[in-house]
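Heads up, the thing below is written out as structure tokens.
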2 protein chains.
Amino acid sequence: MTKTTTPLPTRAVRGSTSGVAIMAVFDLLGRKWNMRILWELSQQPLSFRALQERCDGMSPSVLNDRVKQLSDAKLLASTASGYQLTELGLSLMHTLDPLRAWAADWESACGQV
Amino acid sequence: MTKTTTPLPTRAVRGSTSGVAIMAVFDLLGRKWNMRILWELSQQPLSFRALQERCDGMSPSVLNDRVKQLSDAKLLASTASGYQLTELGLSLMHTLDPLRAWAADWESACGQV
DNA sequence: GTTTTTGCTACGAAATAAGTAGCATCCTAG
DNA sequence: CTAGGATGCTACTTATTTCGTAGCAAAAAC
């Protein structure tokens, strides 16, 4: 496995030396699949393989990597009923909620080419 | 230049075949630097090179690529005073605002290891 | 009319993601 | 038991993305 470090709020972060927490968010969420994974898990808890299927059959190696990162970041945890968002992860998704409405606006704006 | 396609809300999108707009958001914002670029531009308009510096000296080839993507997505535009967010881009950053507060919570939660 | 600055391209190297195969463990049915 | 099947995950190869440096053409500053 190619080792990658998990961006955490207080650490130095990829794409930023400032250590500002929001940059860590951008770094973490900016990695392919991370947002998608959180999104899918916000709908329901899923097993590894179910999660993989939901994410268009993403490769298990990357999924495994991401699951570890997001666990390190305390955004999800493995439970009896599968992978599941933590309180923290849930609250993140909640703050991202308005994005759905924005996406709709965006869609109509881009449609008017 | 390695060609990459810009995720737009109605198109088929990397990481999703559903074409749901929010997936396009995740795809676009999930690319390295895109969030950061929008963030920096939300603070003030910047020239290409100034933007590059703000983004920790990211390579100009990638920056150019991103600027094109974000322009295609109508989130930024080149103006007399440099690159600048469009109304749409500004509104996106606005919906992402609560993220700053969340990041602070995250920081303190991760601190309590 | 030279320097500087700016926007940007080219291109090889490094990092990250994808894709496929498969193994060890844990059920569950017989 | 024990033969399946599902699950969580690792190993490894290939493809794609990102980096890093060099540098050029056009506009601006001198």
Side-chain angles (χ1 to χ4, degrees), chain A residues 1-7 11-17 23-24 26-41 44-73 76-84, chain B residues 1-7 12-17 23-24 26-38 40-41 44-73 76-84:
Chain A
M1 186 180 96
T2 308
K3 201 83 207 87
T4 51
T5 55
T6 304
R11 283 189 200 160
V13 152
R14 188 183 70 164
S16 171
T17 51
M23 293 305 170
F26 291 166
D27 189 12
L28 182 63
L29 297 188
R31 292 183 184 178
K32 209 167 172 178
W33 295 114
N34 273 347
M35 267 200 188
R36 177 70 177 275
I37 289 168
L38 293 175
W39 177 261
E40 296 295 348
L41 289 181
Q44 65 190 295
L46 293 166
S47 71
F48 188 92
R49 272 166 135 103
L51 184 54
Q52 188 188 0
E53 268 180 42
R54 285 270 175 166
C55 292
D56 305 321
M58 68 176 289
S59 71
S61 42
V62 177
L63 177 55
N64 187 238
D65 194 54
R66 291 306 181 270
V67 159
K68 275 175 187 156
Q69 282 175 18
L70 295 171
S71 300
D72 284 351
L76 64 79
S78 178
T79 71
S81 48
Y83 291 104
Q84 198 165 6
Chain B
M1 187 180 96
T2 307
K3 201 83 207 89
T4 51
T5 54
T6 304
V13 152
R14 188 184 69 165
S16 171
T17 51
M23 293 304 171
F26 290 167
D27 190 12
L28 182 62
L29 297 188
R31 291 183 185 178
K32 208 166 172 178
W33 293 117
N34 272 347
M35 268 201 186
R36 178 70 178 273
I37 289 169
L38 293 175
E40 296 295 347
L41 289 181
Q44 65 190 295
L46 293 166
S47 72
F48 188 94
R49 270 164 137 105
L51 183 54
Q52 189 188 0
E53 269 181 40
R54 285 269 175 167
C55 292
D56 305 319
M58 69 176 288
S59 70
S61 43
V62 178
L63 177 54
N64 187 238
D65 194 55
R66 292 307 181 268
V67 159
K68 274 175 188 159
Q69 282 176 18
L70 295 171
S71 299
D72 283 350
L76 63 80
S78 177
T79 71
S81 48
Y83 290 105
Q84 199 165 6

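These figures come from a predicted structure and were not determined experimentally. First the proteins, then the strands, lettered A, B, ... as listed; each starts at 1.
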Under-3.5 Å N/O pairs linking protein and nucleotides 20-30 of chain D:
from: D:dG20; atom 1: O6; to: B:Ser61; atom 2: OG; distance (Å): 2.8

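Rounded to whole Å, atom C1' of C:dT16 lies 14 Å from atom CH2 of A:Trp33. Spacing between atom CG of B:Leu63 and atom C1' of C:dA10 amounts to 16 Å, rounded to whole angstrom units.
Proximity note for B:Phe48 (side chain, C-beta onward) versus C:dT9, C:dG7, D:dC9: the nearest is C:dG7. Across D:dC9, C:dC8, C:dA17, the shortest atom-to-atom separation from the side chain of B:Asn64 is found for C:dC8. Candidate nucleotides D:dT10, C:dA17, C:dG7 were compared by shortest atom distance to the side chain of A:Arg66, and C:dA17 ranks first.
Screening A:Asp72, A:Asp27, A:Asn34 for a side-chain contact (heavy atoms from CB on, under 4.5 Å) with A:Pro7, the sole residue that qualifies is A:Asp27. Shown are A:Trp33, A:Tyr83, A:Phe48; of these, the side-chain contact (heavy atoms from CB on, under 4.5 Å) with A:Leu63 is made only by A:Phe48.
The structure places CD1 of B:Ile37 at 12.0 Å from CZ of B:Arg31, a figure rounded to the nearest 0.5 Å.
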B:Thr6 vs B:Lys68, side-chain contact (heavy atoms from CB on, under 4.5 Å): CA-CA, chis, key distance, verdict: CA-CA 8 Å; B:Thr6 304; B:Lys68 274 175 188 159; over 6 Å; no
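Checking side-chain atoms of B:Arg54 against main-chain N and O of B:Leu41 turns up no donor-acceptor pair under 3.5 Å.
Contact check, B:Lys32 against D:dC19: a side-chain N or O comes under 4.0 Å of OP1 or OP2.
Shown here is B:Gln44, whose CD atom has more than 12 heavy atoms of other residues, nucleotides or ligands within 6.0 Å.
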